[in-house]
> 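Take a look at the following structure, please.
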Protein chains: 2
Amino acid sequence: MDRRQRKSREAIFHAFTDILSEKDFSQITVGEVIARADVGRATFYAHFETKDFLLKAFCEELFCHIFDTAADTHEHRHIFSCDGSDSVFLHLFQHFQRNDNNILALLSSRNNELFLRYFRNNLNLLIESQLPNLQSRKKANLPDSYWKNHIASSFVETLKWWIANGMAESPETITAYFLQVI
Amino acid sequence: MDRRQRKSREAIFHAFTDILSEKDFSQITVGEVIARADVGRATFYAHFETKDFLLKAFCEELFCHIFDTAADTHEHRHIFSCDGSDSVFLHLFQHFQRNDNNILALLSSRNNELFLRYFRNNLNLLIESQLPNLQSRKKANLPDSYWKNHIASSFVETLKWWIANGMAESPETITAYFLQVI
DNA sequence: AATGATACTGAACAAATCGTTCGGTAACGA
DNA sequence: TCGTTACCGAACGATTTGTTCAGTATCATT
């Protein structure tokens, strides 16, 4: 990718991040973004079709590497050890605690649902691929899709709760909470 | 309330409902609403400060009576009978199955998260008031706020799953699923 | 160092939407 | 019957949107 392209794209993303932590996504205008990013209006539309596509591209860059590394490190292991000490979920919680890309500011803002929706799409795929490992822990005869849905939503809700409460607990404790409710 | 006011308000709400089932809330314009409602632009702004306030008022009317009746009928009983046959949650699921106010069309649309956010605010209050009844069912030493949050989110997610899957199960079955995971 | 391709600038543009204003009209409640 | 109130309809300036275009700067390649 051309260095000019990269720089413009980065500038737009950076400005977008800033503004997202300040106000609702719906209130943000393209004019505001390009002013803060200091790029021309035409440049913006050369990169992104609309404001919504900007969000989409932003989220993809934000989350893809989380799941890439999660999938890589856990692909060929037994993921769901019973005590949770080596679960993908612990891995994910730790990732958020490290606060890469300042992701916590975004997940703490009023726009958190925006990102968590994208996050959850990825999470569903992960759980789908790991369902056999989870199957053994299932106690009752719930439909598979209900069970999967419950795991994914419980994780996201646990994450939301953790962040909203200032992340006072350790990733290990949170993982324990989560494994307890599912 | 003046009959004229009521009629305008109703017309706006009705048009709003229609459009909400067709496109994203963010894409809806005031001009579109007043055209379908057949009211003047000034009339709209006499009733609602902005599009967001319209949504707020709409949701309040939509959900308040659900929880009013739920609270009334269950206030002085033992809510959480062990088999769930007389739980508030069953009551709520049944309410959705009856599809009052065509609420299912809204909860099936792409805007469902919008309504479920409001719904959940009310649900939290309900759970808060019923926490003592739930306390006994708590198996482990999780923080209270985490426990409450888990119940509320599990209910909403169960509801979403139910609707998304065409509501094939009976309210009793869904209640059983829900009580099983919490 | 020269060359052709590509990305950005900056300004301008029509179109859509916003939120407000106003005088005139009709429906309301008492 | 009468004073009040809500609606209409049209218009308004202000924003925002998405596009266009000619000129400039940067890029990779030879």
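Every chain is numbered from 1, with letters handed out A, B, ... down the list of sequences.
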> Should B:K160 and B:E157 count as an ion pair when the cut-off is N to O under 4.0 Å?
yes
> Using the closest heavy atom to pick a nucleotide of DNA chain D for each, name whichever of B:R41 or B:R6 lands nearer the 5' end.
B:R6
> Expressed in angstrom and rounded to an integer, what is the separation of B:D38 atom CG from D:dA6 atom C1'?
15 Å
> Rounded to whole angstroms, how far apart are CD on B:E32 and P on C:dA15?
20 Å
> Rounded to the nearest Å, what distance is computed from the CE atom of residue B:M1 to the C1' atom of nucleotide D:dT4?
17 Å
> Are OP1 or OP2 of D:dT19 and a side-chain N or O of A:Y45 less than 4.0 angstrom apart?
no
> Select one nucleotide: of C:dC28, C:dT21, C:dC8, the one nearest the side-chain heavy atoms of A:Q5.
C:dC8
> Could you state the NZ-P distance from A:K7 to D:dA25, rounded to the nearest angstrom?
15 Å
> Considering only heavy atoms from C-beta outward, does the side chain of A:N122 approach that of A:I66 to under 4.5 Å?
no
> What's the NE2-C1' distance between B:H47 and C:dT20, to the nearest Å?
16 Å
> Are the aromatic ring centres of B:F89 and B:F93 under 6.0 angstrom apart?
no
> Should B:R4 be listed as having a side-chain N or O under 4.0 Å from OP1 or OP2 of C:dA27?
no
> Rounded to whole angstrom units, what separation is found between the CG atom of A:D52 and the P atom of D:dT17?
11 Å
> Nearest to the side chain of A:S8 - C:dC8, D:dT20, C:dG19?
C:dC8
> Between the side chains of A:R117 and A:E113, is the shortest nitrogen-to-carboxylate-oxygen separation below 4.0 Å, so that they form an ion pair?
no
> Please give, in whole Å, the distance from D:dC8 P to B:F44 CZ?
13 Å
> By the 4.0 Å heavy-atom rule, please label B:A46 as base, sugar-phosphate, or nothing.
nothing
> Could you work out which one of C:dT21, D:dC27, C:dC28 sits closest to the side chain of B:D2?
C:dC28
> Identify, between B:I28 and A:T43, the residue whose nearest nucleotide on DNA chain C lies closer to the 5' end.
A:T43
> Centroid-to-centroid, B:F16 to B:F58, below 6.0 Å?
yes
> B:I34 CD1 to D:dA10 P: how many Å, rounded?
12 Å
